[in-house]
Amino acid sequence: MIDKRLVDDPAAAPDGLRRVLDHGTSDVASDSELADLARGVGGALGIPVAALLGSSVGGAATTGGAAAAASKATSGLAGAKLAGLLAVGAALSAGGIAYLSSRSDDQASSPAPSGQPALPTQTPVSKRAPAVKEAESANRAPQSPSARALPPAASGKAGPAHAQPARTKPATASRPSESQLLNQAHAALSKDPRRALTLTARHRKLYPNGVLSQEREVIEIDAMKRLGQKRAAEQRAAEFEQDFEASPYRRKVESPAVKEAH
Amino acid sequence: MPDGPDTEKFEEIFKNHAQYVWRALRHLGVAEADLADQSQEVFVTIHRRLASFEGRSSIRSWIYGICLRLASDYRRRAHVRREVPVSQPPPPKTDASASDAERLESRALLQRLLEELDGPKREVFVLFELEGVPMKEIAELIGCPVPTAYSRLRLARETMVAAYRKATGQVEEGTE
């Protein structure tokens with residue numbers, strides 16, 4: 001009777017095979033693969049992506065090169081193949097991002113404090129930042145998503161250029177997860193879009209190539225629309241379509257929809 | 001239905017089991033390029049059937065059961081299409097470190113070895129050796145007597161050892 005697995009029984013198989021099996025037992029999907037899966041499942045079932053991922057995605061590991069490579073939906077494992085695409089389109093009714101959690105966070109709808117410490121003003125690479133004040137003329141040059149800038153502070157009340165410890169509820173003592181930040185940003189959208197931009201700016205700072213970059217972009221475009229920055233929102237939407245060709249969010253942000261929405 | 005009665009539970013299931021689903025499907029023969037779609041199918045099925053889960057087995061075993069059925073259908077379809085589901089190499093990672101490269105190589109070798117097993121043996125081998133599911137539960141999941149499950153495991157092991165030796169050019173290594 002076999003009572004031990006090969007990995008636990010040196011007498012039962014060559015060491016090399018046991019090593020291969022051992023690797024197999026700990027083989028895991030990457031953060032970006034999980035995020036793609038969550039987009040598909042969330043889109044098909046109308047469940048918030050961030051709620052599915054919880055705080056399991058968005059640690060330091062997601063800022064690496066692999067995540068950067070996967071942040072383009074076209075290169076992501078599931079980006080072009082999400083069977084839930086239509087469901088996503090349906091779920092994304094005007095003005096709402098159905099699958100970034102609507103459950104919320106206690107601070108999400110509170111007004112952005114002046115001098116919000118987490119909010120950098122602007123960085124040299126800023127081209128696509130959602131311009132809160134002068135959006136109409138802003139943002140022409142296309143850039144890669146990872147090169148995009150932090151949005152300027154709401155009402156021009158910028159904080160210091162370096163992020164401070166999160167004032168939002170952190171995943172750890174030092175920094176919130178991607179999911180937490182974007183959950184909060186989404187929850188803030190309807191009542192305080194500037195606050196949403198503050199939070200997405202923080203997300204961009206902490207996770208420039210995070211696996212939830214697409215969700216960040218969608219929130220920012222939505223916030224810009226809500227702030228009346230029509231042209232800037234259209235520009236960002238067009239860029240989003242370019243950057244994330246196979247994204248399930250394209251129906252949400254596509255320019256005609258932007259034009260109609262507000 | 002973002003906040004339906006089962007949603008929170010489902011979200012927990014996703015958080016706790018997405019990795020297992022992903023890995024099990026890969027080892028059960030789902031091609032790298034189809035893993036996301038097939039994993040999504042598993043979770044849509046879980047969501048649909050969650051209310052009927054009676055708790056007679058662990059939730060993980062129940063999920064493995066769903067994986068087994070979907071992977072079996074997948075392999076059958078792949079066979080009909082005359083496609084080889086798992087022979088393609090994993091996607092290249094230009095930033096892969098040495099240890100990443102070793103892991104990818106190891107993953108590819110494991111996939112090649114697993115392809116030597118027929119469906120029933122592969123299922124038993126994957127669940128027991130890679131997922132650590134107890135044999136009694138495996139027999140229930142695949143609907144066969146426990147001794148049959150053990151017999152499949154034994155044969156699967158022999159096949160895997162032989163395939164490993166062949167793949168690595170070893171005539172004699174390790175012990176039996």
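All values reported here derive from a predicted model rather than from experimental measurement. Throughout, a chain's letter reflects where its sequence line sits, starting with A, and its residues are numbered from 1.
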Original post:
Side chains of A/Leu21 and B/Phe125: does their closest heavy-atom pair fall under 4.5 Å?
Top reply: yes

**OP:** Look at A/Gly24, A/Ser26, A/Ala29, A/Ala38 and state which one has the largest set of heavy-atom pairs under 4.5 Å with chain B.
**Re:** A/Ala29

Original post:
Where the side chain of A/Arg5 meets the backbone of B/Glu129, is there a donor-acceptor pair that is under 3.5 Å apart?
Top reply: yes

Subject >> Student check: side-chain heavy atoms of A/Leu37 and B/Phe43 closer than 4.5 Å >> reply: yes

Subject >> Check: A/Pro14 and B/Arg165 side chains under 4.5 Å, non-hydrogen atoms >> reply: yes

**OP:** Check whether any side-chain heavy atom of B/His47 sits under 4.5 Å from a side-chain heavy atom of A/Ile47, and report yes or no.
**Re:** yes

**OP:** Check whether any side-chain heavy atom of B/Arg157 lies under 4.5 Å from a side-chain heavy atom of A/Ile2, and answer yes or no.
**Re:** yes

**OP:** Take atom OH of B/Tyr150 as the centre, draw a 6.0 Å sphere, and report whether it contains more than 12 heavy atoms from other residues, nucleotides or ligands.
**Re:** yes

Original post:
Which heavy atom in B/Val44 sits nearest to a heavy atom in A/Ala44, and how many Å separate them?
Top reply: CG2-CB, 4.1 Å

Subject >> Which of B/Gly132, B/Ala18, B/Ala163, B/Pro147 touches chain A most, by non-hydrogen pairs under 4.5 Å >> reply: B/Gly132

Subject >> chain A contact via B/Glu41 - side chain, backbone, both or neither, heavy atoms under 4.5 Å >> reply: neither

Original post:
Taking atom CG of A/Asp15 and atom OH of B/Tyr164, what is their separation to the nearest 0.5 Å?
Top reply: 8.0 Å

Original post:
With a 4.5 Å heavy-atom cut-off, do B/Met160 and A/Leu6 have their side chains touching?
Top reply: no

**OP:** Test B/Leu113 against A/Leu17 for side chain to side chain contact (heavy atoms under 4.5 Å, CB included), laying out the working first.
**Re:** CA-CA 10 Å; B/Leu113 300 179; A/Leu17 175 57; 3.7 Å; yes

**OP:** Answer yes or no: is there a side-chain heavy-atom contact under 4.5 Å between B/Arg107 and A/Asp27?
**Re:** yes

Subject >> Straight-line distance of A/His23 NE2 to B/Leu130 CG, nearest 0.5 Å >> reply: 12.5 Å

Original post:
Roughly how far, to the nearest 0.5 Å, is CG of A/Leu45 from CD of B/Gln40?
Top reply: 8.0 Å

Original post:
Would you call B/Phe10 and A/Val41 a side-chain contact if the rule is heavy atoms closer than 4.5 Å?
Top reply: yes

Subject >> Distance (rounded to the nearest 0.5 Å) between A/Arg19 CZ and B/Leu109 CG >> reply: 11.0 Å

**OP:** Can you measure from OG (B/Ser39) to CG (A/Asp36) and round to the nearest 0.5 angstrom?
**Re:** 11.0 Å

